[in-house]
Amino acid sequence: MDGNMKAFQERLLELETEGEQLLLARHKVIENDRLRNGNREALTALRKRARTTKTSLPSPFESIMKDIVPGPMVKEVCTTCGDHDSEERTWMMFPGADVFARVPFHAAHTILETDQGKLDYEAKKLQSYVKEKSLLISEQGALSDKISPNVLRSLVTLTDKSK
């Protein structure tokens, strides 16, 4: 083969590799969204069970200002547990395992909230990666018929400015 054909094949191989990485990242985004939705649903169910919402309990500052009495100034109240018994046992399936366990109510929602934060971070990271890969492939000319490189570039620029 001559040099031009070999260079063309190498370019196609690089483009295909980038495309595969993009598709894998998109599948990871979908899987991550499924996990996030499951966590969100579980947290909502726990809040309903405790009969609280994120904003239904007064902040410690409000409780101090209402009643200034001798003794403890602030009673720490978990915003999810509220007046619910935080030691009540709740069934929970741990993420990444097929094991159910009865854990205290407070521990269950704390684990779920921590996982939700991690999943949110991972989702943002994956979305950024997908945008960058799409831009790279688009600049190479493979997506020119579907998405304009300028549109992708503006999306990447917008997300960079929001950080």
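- Atom CG of D120 is separated from atom CG of N32 by 8.0 Å, given to the nearest 0.5 angstrom.
- Residues that satisfy the side-chain hydrogen bond (donor to acceptor under 3.5 Å, both in side chains) test with Q127, not counting sequence neighbours, are absent from this structure.
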Exercise answer: donor-acceptor pairs, residues 12-19 side-chain atoms, under 3.5 Å, sequence neighbours excluded:
{"from": "T17", "atom 1": "OG1", "to": "L13", "atom 2": "O", "distance (Å)": "2.8"}
{"from": "E18", "atom 1": "OE1", "to": "K133", "atom 2": "NZ", "distance (Å)": "2.5"}

Only pairs under 3.5 Å count here: list side-chain donor-acceptor contacts from residues 96-113, not counting sequence neighbours, and write none if there are none.
{"from": "H106", "atom 1": "ND1", "to": "H109", "atom 2": "NE2", "distance (Å)": "3.2"}
{"from": "T110", "atom 1": "OG1", "to": "H106", "atom 2": "O", "distance (Å)": "2.6"}
{"from": "E113", "atom 1": "OE2", "to": "T80", "atom 2": "OG1", "distance (Å)": "2.9"}

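- Considering all non-hydrogen atoms of both residues, V130 and L22 come closest at O-CD1, 3.6 Å.
- One distance of note links CD of E122 with CG of D115; it measures 12.5 Å at 0.5 Å rounding.
- Evaluation of the side-chain hydrogen bond (donor to acceptor under 3.5 Å, both in side chains) rule for R40 yields N37 as partners, not counting sequence neighbours.
- Rounding to the nearest 0.5 Å places CG of L135 at 8.0 Å from CD of E132.
- For K124, there are no side chain to side chain contact (heavy atoms under 4.5 Å, CB included) partners, not counting sequence neighbours.
- Both M92 and L43 belong to a common hydrophobic cluster when Ile, Leu, Val, Met, Phe, Trp and Tyr are linked at side-chain heavy-atom distances under 4.5 angstrom.
- A 4.5 Å side-chain heavy-atom check between R49 and T90 finds at least one atom pair inside the cut-off.
- E41 is linked by a side-chain hydrogen bond (donor to acceptor under 3.5 Å, both in side chains) to nothing, counting only residues two or more places apart in sequence or in another chain.
- Linking Ile, Leu, Val, Met, Phe, Trp and Tyr residues whenever their side-chain heavy atoms come within less than 4.5 Å places I137 and L126 in a single cluster.
- Rounding to the nearest 0.5 Å places CD of Q116 at 10.5 Å from OG1 of T114.
- Distance check, rounded to the nearest 0.5 Å: OH of Y121 to NZ of K118 gives 12.5 Å.
- Here E31 does not pair with K28 in a salt bridge; the nearest charged N to carboxylate O distance is not below 4.0 Å.
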